[in-house]
Chemist: 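Got a structure for you, questions after.
In listed order, ligands and their atoms are each counted from 1. Throughout, numbering of the chain's residues begins at 1 and tracks the sequence.
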Amino acid sequence: MEARVLSGMRPTGKLHFGHYHGVLVNWLRLQKEYECFFFVADWHALTTDYAAPKGIKDNVREMLLDWLSVGIDPKKATIFRQSAIKEHAELFVLLSMITPLPWLERNPTYKEQLEEIRDKDLHTFGFLGYPVLQTADIIVYKAAKVPVGIDQAPHLELSREITRRFNHFYGEVFPEPQTLLTESPKVLGTDGRKMSKSYNNAVLLSDPPEVVEKKMLQMMTDTARKRRTDPGNPDRCPLYITFHLLYSDNKTLEWVREGCTQAKIGCTECKRSVIPKVLEMLGPIQKRRKEFEANPALLDDILREGSIKASKVAQKTMTDVRKAMGLE
Ligand code: TRP
Ligand code: SF4
């Protein structure tokens, strides 16, 4: 069997173009080549949303609907919820025994988020231990490769260190998980910043066509083009970078570059030339979403079957772990 690939996402609700090009496109490719485990990190959602967990359930569902509608295929990949597989928690406890606190305290993501997220109290044991749980998620499947974006690289580095420490104390139980750093195109939101749900600038995969169109027509362009007669530069245009580059053919790209730099076309005309391409790409995705939405039992079946498969692997690993630690 090919190397085992594992990745997860926190349930944040409906996904946007940033998730699609940053993560899902890679998963789609990987599921063809490897034995893949893709899971919803609902316990990780609690590390920040413990005080108001009500939304998590809907977020899990919406996110799964997006995974399935873009073509993440339960026949190819094992899809499940973290909280369904209790072995993650057992391994988390055991790893927490061997993880030095300073490793967690100097984790850059931890420090950043403590600074940035002001509306929640993140001085909790769970939040500090986030990467320990993430390590358990990975190595409980003895995963060899973990596809993630660059933002997760520090966590993966910690995962490798914790894994080495485990193997050092108890014997070579786990392979060291490798980060599959996935190259992904820049996806900017309607305001020109990185596309992100929290910036409220995202175009969702599930936005109805008229909403997609509206958002794109309102999207920021090169600020040099204040008037129709001002020349611009596509490389400074969020709409161009995010949509033209990803969805227009070369002929259109040339037409845009010439028209923009020589002020021969207006931004609305330019935007209108790519909107149909984006809607065309979304068509089949949204069609599949509707099919899954109409059949809620299917989602439960997929998760149940995924859990059964994941559970088998996780239980086997935990037998090895208990034995290595003298707990059997
Ligand atoms: N921390 C990841 C994120 O925020 C989600 C995650 C949890 C994960 N456990 C994982 C990713 C294990 C890869 C492997 O997106
Ligand atoms: Fe962007 Fe097109 Fe306007 Fe140039 S003409 S700034 S590429 S939208």
Chemist: For atom 5 (C) of ligand 1, grab the closest protein heavy atom and report residue, atom and distance to one decimal in Å.
Modeler: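 I find the closest protein heavy atom is Gly8 O, 3.6 Å.
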Chemist: Tell me: protein heavy atom nearest atom 7 (C) of ligand 1, and distance?
Modeler: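 Among all protein heavy atoms, the one nearest atom 7 (C) of ligand 1 is His44 ND1, 3.3 Å.
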Chemist: Select one of side chain, backbone, both or neither to describe which atoms of Val256 lie under 4.0 Å from any atom of ligand 2, heavy atoms only.
Modeler: side chain
Chemist: If I compare all heavy atoms of Val212 with all of Asp207, which pair ends up nearest, and what's the gap?
Modeler: CG2-O, 3.5 Å
Chemist: May I ask you to decide whether Asp249 forms a salt bridge with Lys251, counting only side-chain N to carboxylate O separations under 4.0 Å?
Modeler: no
Chemist: For Tyr110 together with His155, are the ring centres under 6.0 Å from each other?
Modeler: no
Chemist: What do you reckon, is NZ of Lys57 surrounded by more than 12 foreign heavy atoms closer than 6.0 Å?
Modeler: no
Chemist: Would you check if Ile139 and Thr317 make a side-chain contact, meaning some heavy-atom pair closer than 4.5 Å?
Modeler: no
Chemist: Indicate yes or no: does Glu35 engage Arg4 in a salt bridge with an N to O separation below 4.0 Å.
Modeler: yes
Chemist: Is any N or O atom of His155, backbone or side chain, closer than 3.5 Å to an N or O atom of ligand 1?
Modeler: no
Chemist: Side chain or backbone, does Ser7 bring an N or O within less than 3.5 Å of an N or O on ligand 1?
Modeler: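 It does not: no N or O of Ser7 is found under 3.5 Å from an N or O of ligand 1.
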Chemist: Quick check on the hydrophobic clustering: are Phe39 and Leu180 connected, directly or via other members, by side-chain heavy-atom contacts under 4.5 Å?
Modeler: no
Chemist: Distance check below 2.8 Å: does Cys237 bring an N, O or S atom to atom 1 (Fe) of ligand 2?
Modeler: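 Looking at Cys237, which is the residue asked about, there is an N, O or S atom under 2.8 Å from atom 1 (Fe) of ligand 2.
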Chemist: Please list, in number order, the atoms of ligand 2 under 4.0 Å from a heavy atom of Cys267.
Modeler: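 Under 4.0 Å from Cys267, ligand 2 has these atoms: 3 (Fe), 5 (S), 6 (S), 8 (S).
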Chemist: Is it true that Arg289 and Glu62 make a salt bridge, defined as a side-chain N closer than 4.0 Å to a carboxylate O?
Modeler: yes
Chemist: Salt bridge or not for Asp301 and Arg304, using N-O below 4.0 Å?
Modeler: yes
Chemist: Number the atoms of ligand 2 from 1 as they appear, then name those within less than 4.0 Å of a heavy atom of Arg225, with their elements.
Modeler: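 With Arg225 as reference, the close atoms of ligand 2 come out as 5 (S), 6 (S).
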Chemist: Specify side chain, backbone, both or neither for Val146, according to which of its non-hydrogen atoms lie closer than 4.0 Å to ligand 1.
Modeler: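 Only the side chain of Val146 comes within reach of ligand 1.
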Chemist: List ligand 1 atoms under 4.0 Å from Arg10, heavy atoms only on the residue side.
Modeler: 4 (O)
Chemist: Could you tell me the residue and atom name of the protein heavy atom closest to atom 1 (N) of ligand 1, and the distance to it rounded to 0.1 Å?
Modeler: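 Heavy-atom neighbour on the protein nearest atom 1 (N) of ligand 1: Tyr130 OH, 2.7 Å.
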Chemist: Checking only N/O/S atoms, does Cys270 have one that is under 2.8 Å from atom 3 (Fe) of ligand 2?
Modeler: no
Chemist: Could you check atom 9 (N) of ligand 1 against the protein and tell me its nearest heavy-atom contact, residue, atom and distance included?
Modeler: Asp137 OD2, 2.7 Å
Chemist: Against ligand 2, does Gly232 come closer than 4.0 Å with any heavy atom?
Modeler: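 No, that is not the case, since the closest heavy atom of the residue is not under 4.0 Å from the ligand.
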Chemist: Have a look at ligand 1 and work out which part of Phe39, if any, has a heavy atom under 4.0 Å from it: side chain, backbone, both or neither.
Modeler: side chain
Chemist: Run the salt-bridge test on Glu213 and Arg272 with the 4.0 Å N-O cut-off and return the result as yes or no.
Modeler: yes
Chemist: Tell me, which protein residue and heavy-atom name are nearest atom 6 (S) of ligand 2, and how many Å apart are they?
Modeler: Asp222 N, 3.5 Å
Chemist: I'd like to know: is atom 2 (Fe) of ligand 2 within the 2.8 Å range of an N/O/S atom from His244, strictly under that distance?
Modeler: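 No, since none of the N, O or S atoms of His244 sits under 2.8 Å from atom 2 (Fe) of ligand 2.
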Chemist: Looking at Leu181 and Val148, what are the two nearest heavy atoms and their distance?
Modeler: CD2-O, 3.6 Å
Chemist: Under 4.0 Å from a heavy atom of Cys260: give me the atoms of ligand 2 that qualify, with their elements.
Modeler: 4 (Fe), 5 (S), 6 (S), 7 (S)
Chemist: Only heavy atoms of Ala41, strictly under 4.0 Å: list the atoms of ligand 1 that pass.
Modeler: 7 (C)
Chemist: Under a 4.0 angstrom heavy-atom cut-off, which atoms of ligand 1 come close to Ile138?
Modeler: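 Near Ile138, meaning under 4.0 Å from one of its heavy atoms, ligand 1 has 12 (C), 14 (C).
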Chemist: I'd like to know if Lys290 pairs up with Glu293 as an ion pair, taking the criterion as any Lys NZ or Arg NE/NH1/NH2 lying under 4.0 Å from an Asp or Glu carboxylate oxygen.
Modeler: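 The answer is no: the pair does not qualify as a salt bridge.
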Chemist: Between Glu291 and Lys287 (salt bridge meaning N to carboxylate O under 4.0 Å), is one present in this structure?
Modeler: yes
Chemist: Considering only protein heavy atoms, which is closest to atom 8 (S) of ligand 2, and at what distance to one decimal place?
Modeler: Thr221 CG2, 3.5 Å
Chemist: Residue-level breakdown please: for Gln152 versus ligand 1, do any non-hydrogen atoms fall below 4.0 Å on the side chain, on the backbone, on both, or on neither?
Modeler: side chain
